[in-house]
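Everything numeric here is computed off the predicted structure, so don't read it as measured data. Chain A is the first sequence line, chain B the second, and so forth, proteins listed ahead of strands; every chain is numbered from 1.
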2 protein chains.
Amino acid sequence: MTDQSAKDNFRSYLATQGLKSTRQRDIILDEFLRAGAHLSTEELYLRLREQHPHIGYATVHRTLKLFAECGIAEPCHFGDGQTRYESSAGEEHHDHLICTDCGAIVEFENPQIEALQESVASQHGFLIERHRLELYGRCQQCQVFKNVVDTGRNERSSSR
Amino acid sequence: MTDQSAKDNFRSYLATQGLKSTRQRDIILDEFLRAGAHLSTEELYLRLREQHPHIGYATVHRTLKLFAECGIAEPCHFGDGQTRYESSAGEEHHDHLICTDCGAIVEFENPQIEALQESVASQHGFLIERHRLELYGRCQQCQVFKNVVDTGRNERSSSR
DNA sequence: GCTTAAATTGAAATTCAATTTCAAGAGGGT
DNA sequence: ACCCTCTTGAAATTGAATTTCAATTTAAGC
């Protein structure tokens with residue numbers, strides 16, 4: 001799914017649901033697609049505020065939920081108590097590797113694992129609708145740093 | 001890990017941390033082990049209140065966190081906005097199948113998936129510390145009911 | 001067994017993200 | 001332009017998690 005098709009998707013979703021296309025929604029979608037990463041409502045709101053201080057937090061929140069509803073964004077919960085949304089543009093389903101030290105997030109996909117999941121599910125009579133697989137550990141960089149100093153969270157650590 | 005070794009674990013954890021063994025902690029641990037399932041703080045609190053109305057919610061909350069710290073309980077987040085704790089007694093690591101209709105939770109383990117996870121992680125230079133795998137779908141029962149009536153959440157649905 | 005310092009408890013208050021409310025404003029069909 | 005409906009944004013609310021704090025309990029040392 002390209003950025004453009006994400007926009008088209010969103011427009012037609014709004015149309016079919018009797019919702020309206022607004023300036024704020026366009027701006028939020030643009031910024032969301034530009035950012036690319038796994039953003040929390042808070043983070044996207046802060047980014048938007050730089051150029052568009054008039055857009056409220058509640059609107060960002062509601063718009064992200066709309067993105068999720070129409071399938072152009074996927075909500076993720078990585079255990080830091082915030083909901084993040086990732087763009088579904090340009091990608092198939094994937095899972096995540098998360099560095100417990102610096103917070104880096106790497107995406108991966110592995111058809112063998114997916115196949116085994118199906119197999120496990122059918123053994124238990126389940127029909128899978130979706131799944132979540134997250135691997136938490138240390139990325140290469142943080143393993144290296146770990147050898148030098150071990151003072152808890154790595155100094156390279158990002159924002160949070 | 002048996003119930004008894006869980007208790008021993010907890011006791012020695014308290015000892016090494018300079019914490020105290022209290023009546024409330026004993027009661028909460030007993031009830032937690034007895035319940036067995038994936039309990040939220042709220043649920044455990046309510047269960048305890050029947051026999052021990054004097055035990056406060058905050059104490060249950062803090063005690064569950066202690067259980068997690070000393071490794072006799074594992075916190076789980078199944079997307080309903082509540083933290084659940086499952087006992088690590090008597091089991092190896094396992095993952096979850098969750099019915100999106102009736103809320104049933106089935107545990108499973110699959111060494112092949114685990115092995116593939118390690119493989120994926122090392123391809124990306126990660127050293128895994130822990131992981132989370134959850135498969136969401138419909139259990140057998142709910143697939144059957146689904147064929148009869150499709151009125152949203154299944155009538156057999158549990159508590160929540 | 002008593003004393004005492006330190007940890008614990010429980011009720012209430014607080015935090016924090018998520019969500020809702022509501023009056024004012026903006027889309028878009030006619 | 002009119003009007004109905006949806007949307008917006010600030011503020012209020014919710015709900016779970018967490019913290020506060022005075023009273024109580026634990027357990028270590030006499």
Side-chain angles (χ1 to χ4, degrees), chain A residues 10-29 31-32 38-70 73-85 159-160, chain B residues 10-29 31-32 38-70 73-85 159-160:
Chain A
F10 187 50
R11 276 188 183 284
S12 57
Y13 178 74
L14 292 180
T16 61
Q17 301 295 307
L19 304 178
K20 292 174 179 174
S21 174
T22 68
R23 202 160 48 82
Q24 286 89 335
R25 285 174 178 169
D26 288 342
I27 294 171
I28 294 171
L29 179 51
E31 186 61 33
F32 176 67
H38 303 78
L39 293 174
S40 65
T41 306
E42 177 78 17
E43 287 163 354
L44 183 54
Y45 168 68
L46 290 177
R47 285 184 67 131
L48 283 162
R49 205 171 55 174
E50 292 169 20
Q51 298 298 317
H52 307 280
H54 56 92
I55 294 183
Y57 184 92
T59 302
V60 176
H61 168 79
R62 286 181 292 227
T63 306
L64 280 171
K65 290 192 72 169
L66 281 180
F67 292 170
E69 282 167 29
C70 76
E74 201 65 43
C76 325
H77 301 266
F78 294 147
D80 62 351
Q82 278 188 269
T83 301
R84 287 166 191 287
Y85 290 86
S159 49
R160 64 189 44 253
Chain B
F10 187 50
R11 277 189 181 281
S12 57
Y13 179 74
L14 292 179
T16 62
Q17 301 295 307
L19 304 179
K20 291 174 177 172
S21 174
T22 68
R23 204 160 47 81
Q24 286 89 334
R25 286 174 177 168
D26 288 342
I27 293 170
I28 293 170
L29 179 52
E31 186 62 32
F32 176 67
H38 304 78
L39 292 175
S40 65
T41 307
E42 176 78 17
E43 287 164 355
L44 184 53
Y45 168 67
L46 290 176
R47 286 184 67 131
L48 282 162
R49 206 171 55 174
E50 291 169 20
Q51 298 297 319
H52 306 279
H54 56 92
I55 294 183
Y57 184 93
T59 302
V60 177
H61 167 79
R62 286 180 292 226
T63 305
L64 280 171
K65 290 192 72 168
L66 281 179
F67 292 169
E69 283 168 28
C70 77
E74 200 66 43
C76 326
H77 301 267
F78 293 148
D80 63 349
Q82 277 189 268
T83 300
R84 287 166 192 288
Y85 290 86
S159 49
R160 65 190 45 252

Worksheet entry | From CA spacing to verdict: side chain to side chain contact (heavy atoms under 4.5 Å, CB included), A:Leu14, A:Arg25 | CA-CA 10 Å; A:Leu14 292 180; A:Arg25 285 174 178 169; 3.9 Å; yes
Value in whole Å for how far the [atom2] atom of [N] lies from [atom1] of [X]:
X       : N      : atom1 : atom2 : value
B:His61 : C:dA13 : NE2   : P     : 18 Å
B:Arg25 : D:dT24 : CZ    : P     : 19 Å
A:Tyr45 : D:dA11 : OH    : C1'   : 13 Å
A:Lys20 : D:dC3  : NZ    : P     : 15 Å
A:Arg49 : D:dG9  : CZ    : P     : 13 Å
B:Ile55 : C:dT8  : CD1   : P     : 15 Å
A:Tyr57 : D:dA11 : OH    : P     : 16 Å
B:Glu42 : D:dT18 : CD    : P     : 14 Å

Worksheet entry | Ring geometry between A:His61 and A:Tyr57 (parallel below 30°, tilted from 30 to 60°, perpendicular above 60°) | parallel
OP1 or OP2 of [N] less than 4.0 angstrom from a side-chain nitrogen or oxygen of [X], does that happen here?
X       : N      : result
A:His54 : D:dT8  : no
B:Gln17 : C:dA7  : no
B:Thr83 : D:dA17 : yes
B:Gln24 : C:dG10 : yes

Item to complete: Take B:Lys65 and B:Arg23, find for each the nucleotide of DNA chain D with the closest heavy atom, and name the residue whose nucleotide sits nearer the 5' end.
Response: B:Lys65
Worksheet, complete the sentence: Taking for B:Thr63 and for A:Gly81 the nucleotide of DNA chain C with the nearest heavy atom, the one nearer the 5' end belongs to B:Thr63
The side chain of [X] lies closest to which of these nucleotides: [options]?
X       : options                : value
A:Ala58 : D:dT26, D:dT19, C:dT20 : C:dT20
B:Thr41 : C:dG10, C:dA17, D:dA17 : D:dA17
A:Thr22 : D:dT8, C:dG28, C:dT9   : D:dT8

Worksheet entry | Separation between CG of B:Leu44 and CD of B:Glu42, rounded to the nearest 0.5 Å | 10.5 Å
Worksheet item: With a 3.5 Å cut-off and just heavy-atom distances, do the side chain of A:Arg62 and the base of D:dG9 make a donor-acceptor pair?
Response: yes
Practice prompt. Flag the pair B:Leu29 / B:Thr63 as yes when at least one side-chain heavy-atom distance between them is below 4.5 Å, and no otherwise.
Written response: no
Discussion item. The test is side chain to side chain contact (heavy atoms under 4.5 Å, CB included); show your working for A:Phe67 and A:Tyr85 and say whether it passes.
Written reply: CA-CA 9 Å; A:Phe67 292 170; A:Tyr85 290 86; 5.8 Å; no
